[in-house]
Amino acid sequence: MTFGKGCHLHLIDGSAFIFRAYHALPPLTRKSDGLPIGAVAGFCNMLHRYVEGNTGPDAPTHVAVIFDKGSHTFRNDMYDLYKANREAMPEDLRPQMPLTRRATEAFNIACKELEGYEADDMIATLSVQAREAGGRVTIISSDKDLMQLVGGGVEMLDAMKNRRIDRDGVHEKFGVYPERVVDVQALAGDSVDNVPGAPGIGIKTAALLINEYGTLEELLNRAGEIKQPKRRETLIEHRAQIELSKRLVQLDCETPLDFGLDDLEVKDPDPDTLLSFLAEMEFRTLSKRIADQLGAEAPEIVEPDAPSAPAGTPEAPDFGEATYEKVSTAEELERWIALARARGYVAVDTETTGLDEMRADLVGVSLCVEAGHACYIPLAHKEGEEGQLFGSDELTEGQIGLEQCLSLIKPLLEDPSVMKIGQNMKYDAKMLKRYGIDIAPIDDTMLMSYALHAGEHNHGMDALSERYLGHNPIPIKSLLGGGKSAITFDRVGIDDAVKYASEDADITLRLWQIFKPQLHAQKVTSVYERLERPLVPVLAQMEMHGIKVDRDTLSRMSNAFAQKMAGLEAEIHELAGRSFNVGSPKQLGEILFDEMGIEGGKKGKTGAYATGADILEELATEHELPARVLDWRQLSKLKSTYTDALQDHINPETGRVHTSYLQTGATTGRLASSDPNLQNIPIRSEEGRRIREAFVAEEGKTLIALDYSQIELRILAHIAGIDTLKQAFKDGHDIHAMTASEIFDVPLEDMTPDIRRRAKAINFGVIYGISGFGLARNLRIPRGEAQGFIDRYFERFPGIRAYMDETTEFAKSHGYVETLFGRKIHTPEIAAKGPRAGFAKRAAINAPIQGTAADIIRRAMIRMPEAIAGLPAKMLLQVHDELLFEVENEAVEQTIAVAREIMESAAEPAVKIDVKLIVDAGQGANWAEAH
DNA sequence: CCTGTCACG
DNA sequence: GACGTACGTGACAGGG
């Protein structure tokens, strides 16, 4: 195609791309040989993103990436100090420069440079040629030196901010239009390029003067007329320097090019060339992404867990060759502490007698400062051979005393200039806190893995070690045994303990070295630093506070449940005609469908009849027995899971229940609670709700519950941009009634509870990635009817359908979805075939909504301790959209006000949500009252 | 150890 | 055209 009218030339400032890529990424190296590769990686990513974005009316017909060549140009001949203050190119960038040229060629984009000229001059020349040929030009750069070229079909595009700069944009920046930009620059000078200009005159003054006198020449000729004496003298005195400056900033539009515009025509990349280049660079993610898009097979790249060393640590020894030391004297410990201080970071792991940090005792500490070089400090190992009934309580010889070790190590662990690295640091932090150590600052490999790989795999150390280091750690079972005969870590022989504990610290350090640069490369640094890491001390505090649970209340309820269950059991046996285990679904199924001859029994994959609540409920309309079983099951659940089990979780020392929050448990960013799970305490049934009466405030204190009202629907309204929903929230309307009114054409004043209930189910369904089947089951209506509701819903809210389609498309092309705060949730199953694809699709639709809500409450929690620091209040529990506090009676109102404000504004300033977040508050002597 | 069931948001 | 489906969790009991 001959370049002419209707053509659109894109000129990419290659150097700008490279430097941006270089500074935006950590110093990545190629795994196989340690070649610095970060800038090339960033460059390729930018190029790829650029190519991807080339759709629509602004798509180019011609394109070139223009590079600088050499450092000596004609400007140095004019002025030997030109760009003389530039720092030398970083050592690790230099070898990457030729690779960026190869990258450009691999993408099949014209790659041009010219000895003795700057890229800017070539860009100027090409722009002028294109403009004269009647075409459009977009210069992809934010370099202000290029602004003089704008106009007459030439625009600039700041790729980073995705902002187009036209003549008005230039005027905004320089106070003059493009044709006078060089005049302003000549006066103002440029410290970056070492263009002198006129001393004391900046862009503002320069623009003022140029606008007054028209041109630089006119200004210099009539400089004597200037009223301000200082300016007048400067201009007269430095006239030569100003004129030189103008020649320096003036771009050369007549560089001798050995190619023409027609040579720059846009071409599709050749998959083989591009993919083999990416493979050579060992860019795994990008290769895969591009291969998927081109419909080609991604070439194989050596796995990171292959024999080669992890990035940045080419000298890391194999685990087999690692040296693990036992530290048995204060001198040895001091030497390790010095090593850690010298490094500025140290991996730390604590060994204890159990998994409950509130009750376990510290047994030892391991440290690692360098891959393959770690130590273990045994502190409380006891004598006692295997098989011996009672171990002696004598401490094994050769251990530093606990007190001495703590006093030596405390300054290191609390030193703000030494980073402490751990796997699941919350555990170690809580443990150490009980020994008077506030460990900080911390990095956590488990949380890094979560920020990077949520949805891909779990984040336990064993899994991470195998996956990223290709090494299976020593199983703890091999030291402790299993089952009843399991021993605690203090009974493990010190030599074994040294191997195990040192290895854990070693693995942690190696994982850290791998994950740290990845955070940056994957753009999840801020997720990790703002949403994950700062939550650790907050959760640790909450868990250590615990919540007071009244044993007597639970015990009384247990007895009452037991009595009722016994009555029901007798009734059930009577109805069945024989006694059987009501708690056995298998036996129940046989009774119902074989012995009693009820029709419609369905067997699951195990061959047993299904007896779920939904099935029993259907049967209950006709039969008495299933109805009784349902009652029995409810009581059984409440008793075994709550009234009985909770009592066992009351810590004898504190009289409180201390849950443990798992920060990486849910893929979406939600927390999970365990041991016990305090996020599923009953509330929906009246009988179950009473269990909350056992969760009480201390004497003289009150429990406060604050929960976000409809947070997920509000987020949906924002993300999908549904104006009707936004307005309804703004007006404080009943959102389910409003939805019902919209889709069922019922005026609000005629709303019935049943119609509203249906709309509510649809609203929730939407959040979950609605299906006709799911809604039908939930509402117990025919599938066709449910589908009709959904169809009307989408008709009424087309934006929701669009959101769903866009989200699934995004998941398919990227392999992940994102929350408003940049949390990535990977969706590897999205490409699956069959029913798994359906699961993955709905999960992908739900994840940004649920995840954004999770991010918001996390932000509130992170800010909360400081906000309530002056109040006699403690944050105790989080239940996804609710926070529970315990506060002195007299400060209840104040605490509600403060906490509510933090929660309602938690998204800000990072994200502005179109719908206001509303927090409801309740208070009382127990959780039932407070909610 | 896995499955079914059921408690929560 | 059939198939199987609401999203995210954890604990408990039964049964192999």
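This structure is a prediction, so every number in the text was calculated from the model and none was measured. Heavy-atom basis, side chains included; hydrogens, waters and symmetry copies ignored. Letters A, B, ... mirror the listed sequences (proteins, then strands); counts begin at 1.
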[atom1] of [X] versus [atom2] of [N]: gap in Å, rounded?
X: A:E712; N: C:dA6; atom1: CD; atom2: P; result: 18 Å
X: A:I849; N: C:dA6; atom1: CD1; atom2: P; result: 18 Å
X: A:N677; N: B:dA7; atom1: CG; atom2: C1'; result: 8 Å
X: A:L588; N: C:dA13; atom1: CG; atom2: C1'; result: 14 Å
X: A:E686; N: B:dA7; atom1: CD; atom2: C1'; result: 16 Å
X: A:I856; N: B:dG9; atom1: CD1; atom2: C1'; result: 15 Å
X: A:L662; N: C:dT9; atom1: CG; atom2: C1'; result: 10 Å
X: A:R823; N: C:dG8; atom1: CZ; atom2: P; result: 15 Å

Cationic N near anionic O, under 4.0 Å, A:R656 to A:E886: yes
So what does [X] hit on the nucleic acid, given a heavy-atom distance under 4.0 Å: a base, only sugar-phosphate, or nothing?
X: A:R783; value: base
X: A:N778; value: base
X: A:I767; value: nothing
X: A:F764; value: nothing
X: A:A645; value: sugar-phosphate
X: A:G665; value: sugar-phosphate
X: A:A776; value: nothing
X: A:Q587; value: sugar-phosphate
X: A:I845; value: nothing

Spell out yes or no: do the side chain of A:R684 and the base of B:dG9 have one donor N/O and one acceptor N/O closer than 3.5 Å? yes
Counting heavy atoms from C-beta on, name the nucleotide in [options] closest to the side chain of [X].
X: A:F773; options: B:dA7, C:dT5, C:dG16; result: C:dT5
X: A:P682; options: C:dA6, B:dA7, C:dG15; result: B:dA7
X: A:V879; options: C:dA11, C:dA6, B:dG9; result: B:dG9
X: A:S640; options: C:dG10, C:dC12, B:dG9; result: C:dC12
X: A:Y768; options: C:dT5, B:dA7, B:dG9; result: B:dG9

Is the cationic atom of A:K639 (NZ for Lys, CZ for Arg) positioned less than 6.0 Å from the six-membered ring centroid of A:F561 and within 45 degrees of its normal? no
Distance under 6.0 Å and angle within 45° of ring axis: A:R783 vs A:F773: no
Looking only at side-chain N and O atoms, does [X] come under 4.0 Å of OP1 or OP2 in [N]?
X: A:R777; N: C:dA6; value: yes
X: A:R842; N: C:dT5; value: no
X: A:T641; N: C:dA13; value: no
X: A:S584; N: C:dG15; value: yes
X: A:N680; N: B:dG9; value: no

Taking atom [atom1] in both [N] and [M], compute the distance separating them and give it to the nearest angstrom.
N: C:dC3; M: B:dT5; atom1: P; value: 23 Å
N: B:dC6; M: C:dA6; atom1: P; value: 15 Å
N: C:dT5; M: B:dT3; atom1: P; value: 15 Å

Considering every strand shown, what is the Watson-Crick or G-U wobble mate of C:dG15 when both distances are under 3.5 Å? B:dC1
Heavy atom of residues 609-638 of chain A under 4.0 Å from DNA chain C: which residues? A:K637
Test of ring centre spacing under 6.0 Å for A:Y528 and A:Y450: no
Is the A:F797 to A:Y793 ring centre distance short of 6.0 Å? yes
From CA spacing to verdict: side-chain contact (heavy atoms from CB on, under 4.5 Å), A:H880, A:Q679: CA-CA 8 Å; A:H880 308 309; A:Q679 291 183 320; 3.3 Å; yes
Of A:S771 and A:Q850, whose closest DNA chain C nucleotide lies nearer the 5' terminus? A:S771
Do any N or O atoms from the side chain of A:H658 and from the backbone of A:M544 form a donor-acceptor pair under 3.5 angstrom? yes
Rounded at 0.5 Å granularity, tell me how far CE in A:M875 sits from CG in A:L706. 11.0 Å
Member of A:R780, A:R633, A:R777 meeting the salt bridge (charged side-chain N to carboxylate O under 4.0 Å, His left out) criterion with A:E617: A:R780
If you take all heavy atoms of A:K430 and A:T659, which pair is closest and at what distance? NZ-O, 4.4 Å
